Amino acid sequence: MKQKQGLLLIISGPSGAGKGTVVQELIAKGGYALSVSATTRSPRPMEQDGVHYFFLTKEAFDQKVAENGFLEHATFCGNQYGTPRAYVEEQLAKGTNVILEIEVQGAFQVKEKFPEAVLLFLVPPSLAELERRLVGRGTEDAETIQKRLGRALEELELMTKYDYLVVNDTVAEAAEDIAAIVRAEQQKCSRQKAFWNEFKGE
Ligand code: ADP
Ligand code: 5GP
């Protein structure tokens, strides 16, 4: 049987919305591969190179851009971020669903290349709660928090270009909502090419 292509799920949302937390919950449920991004930002205290990000110098990042090694890349609040191409392409070809947790500019670049990708926007219940979470995380200084909150307002305006909106009130419910969206997406007639080929005995 021809291998069924995996689903490419892009999760965006303002910094502090809880993307990382909800994605960990989804990964724990199984059935997804998480793409590890590259970035030029400094690691936070608990972050490990190769696990949370590939932490690169600006030179190494630019080199990878020049080699066409990223599926997409963008600058966010002064740092560069990019999705390594090879891992995503390999996982999709194997039939594995892949999650990209990336910001809006990168999401639109991927959608251009993979129109069948699903774009999901995760938000906290309110702007006040966003600030509480961002401050409560305790990983950024006051200036960086202000920059990220400013960027959050810009990103929220682009939300209407996404396929789905999920409110992260509780982590468990948000992860369930996302799992339900993925299940429904997988049943779409437009995604059943491999099934029809098998059905017809091809
Ligand atoms: P992002 O990856 O979107 O920047 P994080 O996953 O780092 O956000 O979450 C930001 C902060 O909010 C963290 O301290 C996290 O523990 C907390 N958080 C995430 N989801 C929830 C939730 N549903 N309710 C309360 N706090 C949350
Ligand atoms: P953080 O510094 O909080 O880890 O991430 C900042 C922003 O960059 C978040 O919106 C996150 O989703 C986004 N991001 C992380 N990795 C990538 C990536 O590979 N590409 C793009 N375009 N954005 C990314």
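Positions are given from 1 along the sequence. We count ligands from 1, going down the list as the structure has it; atoms in each ligand are counted the same way. Just so it is clear, the model here is predicted, and its values are computed rather than measured.
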My understanding is that we take every heavy atom of each candidate and find the minimum distance to [atom]. Doing that for [options], which one comes out nearest?
atom                    : options                      : result
atom 23 (N) of ligand 2 : Glu103, Glu72, Arg44, His73  : Glu103
atom 18 (N) of ligand 1 : Arg137, Gln24, Arg133        : Arg133
atom 10 (C) of ligand 1 : Ala172, Gly136, Gly16, Ser12 : Gly16
atom 16 (N) of ligand 2 : Ala107, Ala74, Ser42, Ser37  : Ser37

Touching ligand 2 at all, Tyr53? Heavy atoms, strictly under 4.0 Å?
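A heavy atom of Tyr53 does come that close to ligand 2.
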
At a 4.0 Å cut-off, with the gap strictly under it, does some heavy atom of Gln109 reach an atom of ligand 2?
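Heavy atoms of Gln109 never come under 4.0 Å of ligand 2.
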
Decide if the gap between the ring center of Tyr162 and the ring center of Phe108 is smaller than 6.0 angstrom.
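Here the rings of Phe108 and Tyr162 have centres that are less than 6.0 Å from each other.
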
How far is [atom] from its nearest protein heavy atom, and which residue and atom name does that atom have?
atom                    : result
atom 11 (C) of ligand 2 : Glu101 OE2, 3.4 Å
atom 9 (C) of ligand 2  : Lys19 CE, 4.1 Å
atom 3 (O) of ligand 2  : Arg148 NH1, 2.7 Å

Is Phe55 reachable from Phe76 through a run of hydrophobic residues whose side-chain heavy atoms are each under 4.5 Å from the next?
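In one cluster: yes.
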
For ligand 1, does Leu122 get within less than 4.0 Å through its side chain, its backbone, both, or neither, judged by non-hydrogen atoms?
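Looking at Leu122 and ligand 1, no heavy atom falls under 4.0 Å.
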
Measure the spacing between CZ of Phe70 and CD of Gln109 and express it to the nearest 0.5 Å.
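Rounded to the nearest 0.5 Å, the CZ-CD separation comes to 11.5 Å.
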
Ligand 2 versus Glu140: contacting region, heavy-atom distance under 4.0 Å
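Neither; nothing of Glu140 gets under 4.0 Å from ligand 2.
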
Is Arg41 touching ligand 2 with its side chain, its backbone, both, or neither, if touching means heavy atoms under 4.0 Å apart?
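The answer is the side chain of Arg41.
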
Within a reach of under 6.0 Å around CD of Glu112, are more than 12 heavy atoms found that belong to other residues, nucleotides or ligands?
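No, CD of Glu112 has 12 or fewer neighbouring heavy atoms, counting only those of other groups under 6.0 Å.
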
How about NZ on Lys161, more than 12 heavy atoms from neighbouring residues, nucleotides or ligands closer than 6.0 Å, or not?
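Open.
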
Is Lys4 positioned over the aromatic face of Phe195, cation under 6.0 angstrom from the ring centre and no more than 45 degrees off axis?
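So Lys4 doesn't make the cation-pi contact.
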
